[in-house]
Amino acid sequence: MPEGHTIHRLARRHKRLFGGAPVRAASPQGRFEAGAAALDGLVLRGTDAHGKHLFHDYGDRWLHVHLGLYGTFVDGDGEPPATRGQIRLLLTGGRLRSGALAPAWAELRGPTACEVLDDAGRDVLLARLGPDPLRRDADPAVAWQRISRSRTSIGALLMRQDVVSGVGNVYRAEALFRAGIDPYRPGRDVTPEEWKAVWDDLVVMMADGVRLGRIVTLRPEDKRRAVDPADGPRRDRGAGRYVYHRAGRPCRICGTPVLTAVVEGRNLFWCPRCQE
DNA sequence: GTAGTATGCTAAG
DNA sequence: TTAGCCTACTACT
């Protein structure tokens, strides 16, 4: 479920599991053999996340991972399980706890990117990313510069990682709903006040996502207002959200059926009455 | 069990 | 613009 919150969560977790001690790296699948060899035996100094990009700091080189749509990390304590399926990267190691090593492992499958970068390579990558609502150093004015001058729709702009990084299809739909903005509205017709509200809301929602490990955007008072079967015991992907994956179901605020359309290859969801 | 779908991006054309 | 990644989850049989 990789939007930005997932990556920040992984960064924290990997630091906790492997930080400060040497790692063993291997590529059972074989597609990352040279990279794994370049990391094997190095000490993990720290981890970092920028948007949907994860970095491990190994001193003079970085591991860079982008999960894409399918990529997934699974980890655990102790010894790794028997190899099953296509494992691009298997990390084993542990964190030094009061002098003893607590063993741990992590396996990576199906990523879009898994590579070793030097500082220059990492800088090139970071240079093309817009501000990340989950980072303290993020400056929403940088994104506003792009949005306020663009004829492109705000729905498309929010998905572009060089405008805002870390926002994906779920946060896009939910943030625009909560701000009452039609996703088709051109960026330059969004007011500064609306942009500030969207940014501040993304900061809150995505921090919630990091804490909870999933995307929940439905406010408690609105959950009581309109009951949706999806919120019951048999939860579906529309549970806990206003519009994402709720096509055809009544808007939780006004009851109008939620609309969906494929925009640039991705499913967009919105309420035509609440968002204008 | 099996089919269908997807929270994203890159490389090829 | 399109195919590829080749996983996890859901809904259905």
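In what follows, every chain begins at residue 1, and chains take the letters A, B, ... in the order their sequences are listed.
Distance Leu89(A) CG to dT7(C) P: 15 Å, rounded to the nearest Å. As rounded to whole Å, 11 Å separates atom P of dT7(B) from atom CG of Leu268(A). Counting to the nearest Å, the C1' atom of dC9(B) and the NE2 atom of His66(A) are 6 Å from each other. Atom CD1 in Ile87(A) sits roughly 10 Å away from atom P in dT7(C) (whole-Å rounding).
Residue Gly68(A) is classed as a base contact, given a heavy-atom separation below 4.0 Å to a base. At the heavy-atom level, Gln29(A) lies under 4.0 Å from the strands shown only through sugar-phosphate atoms. Across all strands shown, Arg160(A) has no heavy atoms under 4.0 Å from either base or sugar-phosphate atoms. Across all strands shown, Tyr244(A) has heavy atoms under 4.0 Å from sugar-phosphate atoms exclusively, and none from any base. Contacts of Arg9(A) with the nucleic acid, taken as non-hydrogen atoms under 4.0 Å apart, are absent.
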Check your understanding: Given the rule in the ring-ring contact (aromatic ring centres under 6.0 Å, His included) test, do His14(A) and Phe73(A) qualify, once you have shown the distances and angles that lead to the verdict?
Key -> CA-CA 10 Å; His14(A) 289 176; Phe73(A) 267 107; 4.6 Å; yes
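Closest to the side chain of Arg128(A), out of dA8(C), dT10(B), dA6(B), is dT10(B). For Arg88(A), the side-chain atoms get nearest to dC6(C) when compared with the rest of dG8(B), dT7(C), dC6(C). If you check dT10(B), dA8(C), dT7(B) against the side chain of Thr112(A), the one that comes closest is dT10(B). Distances were taken from every side-chain heavy atom of Arg266(A) (C-beta onward) to each of dA8(C), dG8(B), dC6(C); the shortest belongs to dG8(B). The side chain of Arg31(A) lies closest to dC5(C) when the candidates are dT7(C), dC5(C), dT7(B).
In terms of heavy-atom proximity, Ser165(A) sits nearest to Gly130(A) at OG-O, 2.8 Å. In plain terms, the two heavy atoms of Ile7(A) and Gly51(A) that are nearest each other are CB-O, 3.8 Å.
Judged by the 6.0 Å and 45° rule, Arg122(A) forms a cation-pi pair with Phe55(A).
A side chain to side chain contact (heavy atoms under 4.5 Å, CB included) with Arg160(A) is found for exactly one of Val164(A), Leu158(A), Val163(A), namely Val163(A).
Residue pairs meeting the side-chain hydrogen bond (donor to acceptor under 3.5 Å, both in side chains) criterion with at least one partner in residues 267-276 of chain A, sequence neighbours excluded, do not occur; the list is empty.
Every stem involving DNA chain C, taken as at least 3 paired positions in a row under the Watson-Crick or G-U wobble test at 3.5 Å, is listed here: B:1-6 with C:7-12, B:8-12 with C:1-5.
Note on ring orientation: taking the six-membered ring where Trp is involved, the planes of His53(A) and His64(A) are parallel (angle under 30°, cut-offs 30° and 60°).
In this structure, His56(A) has its ring center no closer than 6.0 Å to that of Phe18(A).
A residue-by-residue look at Tyr70(A) and Ala113(A) shows that Tyr70(A) has its nearest nucleotide of DNA chain B further toward the 5' end.
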Output a table of nitrogen or oxygen pairs between the protein and nucleotides 1-3 of chain C separated by less than 3.5 Å.
none

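Tyr242(A) and Asp222(A) are linked by a side-chain donor-acceptor pair at a separation below 3.5 angstrom, with hydrogens and angles left out of the test.
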